[in-house]
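Below you'll find the structure, written out as structure tokens, and then a few comments.
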Amino acid sequence: MAQPIAIKATGLTKRFGDFTAVDGISFEVYQGEIFGFLGANGAGKTTAMRMLCGLSIPTGGTATVAGFDVYEQTEQIKRSIGYMSQKFSLYEDLTVKENIRFYAGIYGKSDAFIKEKTAFLLKELHMEAEGNKLVRSLPLGWKQKLAFSVAIFHEPGIVFLDEPTGGVDPVTRREFWNMIYQAAARGITVFVTTHYMDEAEYCNRVSIMVDGRIDALDTPRELKRSLQAASMDEVFLKLARKATRNAD
Amino acid sequence: MRTLKFLLQKEFRQIFRDPAIIRILFLMPLIQLMILPRAADYEVKNIRLSVVDHDHSDYSRQLISKVTASGYFQLDNYSNSYALGMDAVEKDKADLILEIPANFEKTLVKEDQATLFMAINAINGVKANLGGAYLRTIIQDFNQEVRMEWIQFPRFSPELKIAITSSNWYNPSMNYRLFMVPGILVVLVTMVGSFLTSLNIVKEKEIGTIEQINVTPIRKYHFILGKLIPFWVLGIVVLTLGLLLARFAYNVIPQASLLTIYVFSAVYLLAVLGLGLLLSTYTANQQQAMLLSFFIMMVFILLGGLYTSIDSMPAWAQWLTKINPVAYFVEVMRMVILKGSTLSDIKPQLAVVSAIALVLNGWAILSYKKRA
């Protein structure tokens, strides 16, 4: 495939003392694709993602994100990516608008840009009435959708989502994935971890991590075919069962 | 600079939206300044006295009334056996026993000499020391009066007596409030600076927003300034409130210019904010941060010369106070408020506290990592 590459990892490794959390993983993520990064708890997904985001220094291997090196150019990487962590990371004691303004502001966006885009976004999210409410008072599903919108507000090329739909009801999960599709349609590369196998079906390609290594990487259809599985659920179970590492 | 603007805006919004912080900021100075200087001072009063009087003479009664009239003692127990007096001490009903022997008056008049016995409950060391000293002074006074009364002039004054009179400079009436108020201002500013900063940053760690901040292109120094400036401002606000209270509640008016106080406080706040920042980089949650800053502040404040004199500490402890910013602030506040010292007088202290501020903040910035 001659598609431009957004993320490229080669032998990326992270050790904590004797423990190898991420064991020489190599993969490429193409621009504009939705890349599912699957694995059981403790397989090393979050650690790998933190290295790609410039939050954690790799022990070995190389990787580039948006063309920038994860060792040397973390500041440039940070300018080019959006990130939504497992933990909810908006300020609960600020209002919806204040959160948007803060995060957009620290990415250096102008007041005019912030104002215009905030209005547009709130309309899109059907949250015009909630703009001046404290984030604390919103239901979880709304918070997650808001957090995703804030993560891509500064129009990054790549967005990293770490279990973005944990604890969210099925209807909101579906809405959330619609938002992901819209972002991908605008050319944003989406790198997402999840435990929901129905969500894995939505991805262009998925990788499955077992014990710190990538055991499989392909389109959902190909994975199901090669492992003779009826669903991604079965694919995941067949691969993840081999894990020797205990979940954390 | 624009980044900093957004950080400050967010920080101030959060502070003013938290009713607990606002209450603490206004009530802490009010309560500390209204209660502590009035209650917690070094004067020992209400010493409970148990008198064991074997003499029952005019003189013994005169002595007792002189002692109780001093205002420091209250007669709680009057008996004629030492065992009864001791019983009162054991039941914690008396702090001090004064035993007047039989024939006290007789021997005093005849032989110009008499013995009194004093037993002190020394569980509370300060009370015991001062109580004993007060009582001795009163008895000496009494002795002097008796001699004046009985011994005729030519025979009087067999030995030369040196009478000492003294004047108390800088605090003429030895008003303990004047002494305590500046010290309590120090405690206030210190608590705001260190506790609030460390708790605030650790809170962001706890809720996970710091991780979100770390994936943004915010520079480390922007983030740290964004935290330091708001709490520096709060510290100055609390200091101002405290100074106003001191002025109107206790009539404590700084002898020298307010500017001197503010200049030193500004630098001092940087030092304690640096400490708060440093603590927050080494702790993972608010409980840890709270316990650690409480522990450190306790040591700093108790060894800071606020309650006990640094000069009477052992040499190693005096050496420790050299790196204790609280000690410098207590010293400077008292110098400026009581003695009227000016900026040039406090230069050495200012230099040391600046150095402490530099070291603590530098260390904090180095140990604050955006990546692990």
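Chain letters run A, B, ... following the sequence lines, proteins first and then strands; every chain starts at 1.
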Between A:Arg50 and B:Glu211, is the closest basic N to carboxylate O distance under 4.0 Å? yes
Relative to chain B, which segment of A:Ser80 carries a heavy atom at a distance below 4.5 Å: side chain, backbone, both, or neither? neither
Name all residues meeting the side chain to side chain donor-acceptor pair (under 3.5 Å) criterion together with A:Asp93; count only those two or more places apart in sequence or in a different chain, and write none if there are none. B:Gln14
Point-to-point distance, once rounded to the nearest 0.5 Å, from CD1 of A:Ile106 to OG1 of B:Thr216: 4.0 Å
Considering only heavy atoms, which portion of A:Leu134 lies under 4.5 Å from any heavy atom of chain B: side chain, backbone, both, or neither? side chain
Just checking, any donor-acceptor pair under 3.5 angstrom between side chains of B:Gln212 and A:Tyr103? no
As an exercise, state the distance from NZ of A:Lys78 to CD1 of B:Ile213, rounded to the nearest 0.5 Å. 11.5 Å
From CD (A:Glu98) to CD (B:Gln9), nearest 0.5 Å: 8.0 Å
Atom pair CD1 (B:Ile210) and OG (A:Ser85), whose distance is rounded to the nearest 0.5 Å: 12.5 Å
What parts of residues 193-208 of chain B touch chain A if we use heavy atoms and a cut-off under 4.5 Å? B:Lys203, B:Glu204, B:Lys205, B:Glu206, B:Ile207, B:Gly208
Of all the heavy-atom pairs spanning B:Arg13 and A:Leu94, show the shortest one and how long it is. CB-CD2, 3.9 Å
Taking atom CZ of B:Phe294 as the centre, report whether more than 12 heavy atoms of other residues, nucleotides or ligands fall under 6.0 Å from it. no
Under the side chain to side chain donor-acceptor pair (under 3.5 Å) rule, collect the residues that match up with A:Glu199, sequence neighbours excluded. A:Thr165, A:Arg173, A:Trp177, A:Thr194
Quick one: what part of A:Asp111 sits under 4.5 Å from any heavy atom of chain B, side chain, backbone, both or neither? both
Is B:Arg2 reaching over with its side chain to a backbone N or O of A:Lys109, donor-acceptor style, under 3.5 angstrom? yes
So with a 6.0 Å cut-off around CZ of A:Arg79, is the heavy-atom count from everything else above 12? no
Looking at every non-hydrogen atom in both residues, tell me the closest pair between B:Phe6 and A:Phe102 and how far apart they are. O-CD1, 3.6 Å
Listing request: all salt bridge (Lys or Arg N to Asp or Glu O under 4.0 Å) pairs with a residue in residues 114-125 of chain A, at least two apart in sequence or in separate chains. A:Lys117-A:Glu155
